[in-house]
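Notes for the one structure printed next.
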Amino acid sequence: MVASALVPGRFYMTIGHFIAILMLFQSKSDNIAISVGTSSGSDFDSANIALSGALAASLAFIGVELIVAISLMILDTWVYSAYWPIFAICSVLPFFVEIVTVVCLFYFKV
């Protein structure tokens, strides 16, 4: 029972980690500017290079983790119903959030 829950749990955690890294990529320059105290100069450039390298390595490792998770899913022969929660969280939920955002933008003219 526990072993059958570990692989889907690991998959969810990996997807959450991937989303967090994408958010860091998006706000990278703001985070560096706040921590360094300026948005230009050699300190900013070195911090940018260091953070870019760390984020790129994180993406590479997550790619390997996803390949392993998908391989385990195939080798363990998950039942097809295990895919529906993944689909709901990773596809349907973001779709509805985007629809609500677009509707709010046009309705409230934000």
Tell me whether [X] shares a hydrophobic cluster with [Y], the cluster being built from Ile, Leu, Val, Met, Phe, Trp, Tyr side chains joined at under 4.5 Å.
{"X": "Phe61", "Y": "Ile15", "answer": "no"}
{"X": "Val103", "Y": "Phe96", "answer": "yes"}
{"X": "Met23", "Y": "Leu55", "answer": "yes"}

What one should report as the nearest heavy-atom pair of Val97 and Thr101 is O-OG1, 2.8 Å
Exercise. Do the side chains of Gln26 and Leu22 get nearer than 4.5 Å, heavy atoms only?
Worked result: no
side-chain contact (heavy atoms from CB on, under 4.5 Å) with Lys28: of Ile32, Leu24, Asn31, only one passes, and it is Ile32
OG of Ser42 to CG of Asn48, rounded to nearest 0.5 Å, is 12.5 Å
Rounded to the nearest 0.5 angstrom, the SG-CD1 distance for Cys104 and Ile99 is 11.5 Å
Practice task
Answer yes or no: does atom CZ of Phe18 have more than 12 heavy-atom neighbours from other residues, nucleotides or ligands under 6.0 Å?
Solution key: no
- Counting only heavy atoms not in Phe25, do more than 12 fall under 6.0 Å of its CZ? yes
